Amino acid sequence: MDIYYIDGQYVPADQAVIPVNDLALLRGYGVFDFLRTHDGSPFLLQEHLARLKDSAKKIGLYFPWTRKELTEIVNNTIQKNKYGNATVRIIVTGGPSRDFITPDGKPRLLVIVSPAPALPESWYTEGIKVITIELERTIPGAKSINYLDATMALTKARDQGAVEAIYTDTAGFIKEGTTSNLFAFYQDCLITPGKNILSGITRKVILKIAKPLFELKIREIRQDELYRADEIFISGSSKGIVPVVQVNDRVIGSGRPGDRTKALMQQLQEYIKTVTPSGND
Ligand SMILES: Cc1ncc(COP(=O)(O)O)c(C=O)c1O
């Protein structure tokens, strides 16, 4: 059985519980981060821990753990589960609340490790459809546990045969997906939005590996401009790079994953192999 870290203890998954007066349950108040392991090594753990702390700061949640403590707890939980390829969720809940709305200043730390699910091969070979949804996230730079918008948007996407929903703002600019960032190629120029999004760790890696290969622009993309892209892809820790061949009812480029996207998919695989195995970089 999977072993989780729950508020100071390593426990089997079926005994992993927290009290119901936690603000995570009562008010959806808390933050989390999500990463993958590859052959047992966490990928970019330090970057994810830094973002976790920053997310807590952005929502005003007390964060008493040092980077060293967190690294040790996460690595211990990974090792106790012995999965080569696992997903890791590090969650900080709002903790108990006497008035059921404001935190008492005792946040809880939870680490959940489970086997990484195999994603459909066709996403990578054939590409996926996404839909757009007009929705502006509250505090977009924070990875809040409240995914109300995302859950509703993804349900709508699934109903329309799409894999992801992409948020647009009220002015018609593209932002990001429910659990991904978005990139578009116009010939050899790669564009990704930079404002009012979650700063994706995969996005950062892509910007790094794409730099020597393509011209890069971080700027807003209008929805009508997106339809005219030669290639589009989304990125995220759970899925890597996934080519997008349809946005709403519009086919993108040739309707097949493009060569530039495929080159970046290859580069990302190479990059994953080169990062520090211990994750303690
Ligand atoms: C809203 C949002 N944007 C972007 C991402 C991608 O970020 P990362 O590459 O760090 O997984 C996520 C990840 O879940 C997300 O929830």
Side-chain angles (χ1 to χ4, degrees), residues 28 30-38 42-56 58-59 74 85-92 112 114 116-117 119 123-124 128 130-157 162-169 173-184 190-210 218 220-221 232-244 261 264-265 267-269 271-272 275 279 281:
V31 291
F32 80 109
D33 221 288
F34 173 97
L35 63 139
R36 278 279 320 257
T37 68
H38 298 278
F43 182 54
L44 301 179
L45 175 59
Q46 296 310 314
E47 282 78 354
H48 284 278
L49 292 180
R51 186 172 67 184
L52 180 73
K53 186 172 178 183
D54 185 60
S55 293
K58 283 193 164 75
I59 73 158
V74 172
N85 297 322
T87 59
V88 182
R89 290 174 171 82
I90 312 165
I91 303 155
V92 179
I112 297 177
S114 49
L119 298 171
W123 287 10
Y124 302 93
I128 59 162
V130 301
I131 60 166
T132 55
I133 286 189
E134 190 185 302
L135 205 148
E136 295 188 15
R137 288 174 56 229
T138 324
I139 321 181
K143 212 163 156 58
S144 150
I145 58 167
N146 185 335
Y147 267 47
L148 174 66
D149 297 333
T151 302
M152 289 172 64
L154 263 185
T155 307
K156 200 169 165 194
V163 169
E164 175 63 302
I166 307 294
Y167 299 131
T168 62
D169 65 15
F173 288 105
I174 297 293
K175 293 287 157 206
E176 62 188 330
T178 62
T179 61
S180 58
N181 291 110
L182 181 133
F183 291 79
L190 182 61
I191 307 182
T192 188
K195 270 192 228 149
N196 294 331
I197 56 160
L198 182 77
S199 179
I201 310 289
T202 323
R203 175 180 176 274
K204 276 193 197 154
V205 172
I206 291 166
L207 289 173
K208 193 157 140 183
I209 58 182
I218 296 178
E220 305 298 274
I221 308 173
I232 299 175
F233 64 87
I234 55 169
S235 69
S237 299
S238 63
K239 51 184 100 52
I241 292 176
V242 185
V244 172
T261 304
L264 285 179
M265 288 162 78
Q267 293 279 322
L268 181 61
Q269 288 309 318
Y271 186 87
I272 289 169
V275 295
D281 50 309

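Whatever order the structure lists them in is the order used to number ligands and atoms, beginning at 1. All residue numbers in this chain count up from 1 along the given sequence. Note that the structure is a prediction, hence the values are computed from the model and not measured.
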Counting only heavy atoms, tell me which of [options] gets closest to [atom].
{"atom": "atom 3 (N) of ligand 1", "options": "Glu176, Lys239, Arg203", "result": "Glu176"}
{"atom": "atom 9 (O) of ligand 1", "options": "Thr202, Asn181, Ile206", "result": "Thr202"}
{"atom": "atom 7 (O) of ligand 1", "options": "Gly200, Ser199, Ala142, Ala150", "result": "Gly200"}

Does a side-chain heavy-atom distance below 4.5 Å link [X] with [Y]?
{"X": "Thr202", "Y": "Ser237", "value": "yes"}
{"X": "Leu264", "Y": "Leu190", "value": "yes"}
{"X": "Val205", "Y": "Ile272", "value": "no"}
{"X": "Ile218", "Y": "Arg203", "value": "yes"}
{"X": "Asp169", "Y": "Glu134", "value": "no"}
{"X": "Thr168", "Y": "Lys175", "value": "no"}

- prompt: Would Tyr167 count as a contact of ligand 1 if the rule is a heavy atom under 4.0 Å away?
  reply: no

Ligand 1 contacted by Gly177 (non-hydrogen, < 4.0 Å): yes

Check this for me - ligand 1, [X], N or O atoms closer than 3.5 angstrom, yes or no?
{"X": "Lys143", "answer": "yes"}
{"X": "His48", "answer": "no"}
{"X": "Ser235", "answer": "no"}

Give the residue and atom name of whichever protein heavy atom lies nearest to [atom], and the separation in Å to one decimal.
{"atom": "atom 12 (C) of ligand 1", "result": "Thr179 C, 3.5 Å"}
{"atom": "atom 16 (O) of ligand 1", "result": "Tyr147 OH, 2.5 Å"}
{"atom": "atom 8 (P) of ligand 1", "result": "Ser237 OG, 3.4 Å"}

Under 4.0 Å from a heavy atom of [X]: which atoms of ligand 1 are those, numbered in the order shown and with their elements?
{"X": "Thr178", "result": "1 (C), 2 (C), 15 (C), 16 (O)"}
{"X": "Gly236", "result": "9 (O), 11 (O)"}
{"X": "Arg51", "result": "7 (O), 8 (P), 10 (O)"}
{"X": "Arg137", "result": "1 (C)"}

- request: Answer yes or no: does atom NZ of Lys239 have more than 12 heavy-atom neighbours from other residues, nucleotides or ligands under 6.0 Å?
  value: yes

- prompt: For Leu198, does its backbone N or O pair with a side-chain atom of Asn181 as donor and acceptor, under 3.5 Å?
  reply: yes

- prompt: Stepwise, does the side-chain contact (heavy atoms from CB on, under 4.5 Å) test hold for Tyr167 with Glu176?
  reply: CA-CA 6 Å; Tyr167 299 131; Glu176 62 188 330; 4.2 Å; yes

- prompt: Should the pair Phe43 and Tyr271 be assigned to parallel (<30°), tilted (30 to 60°) or perpendicular (>60°) ring geometry?
  reply: perpendicular

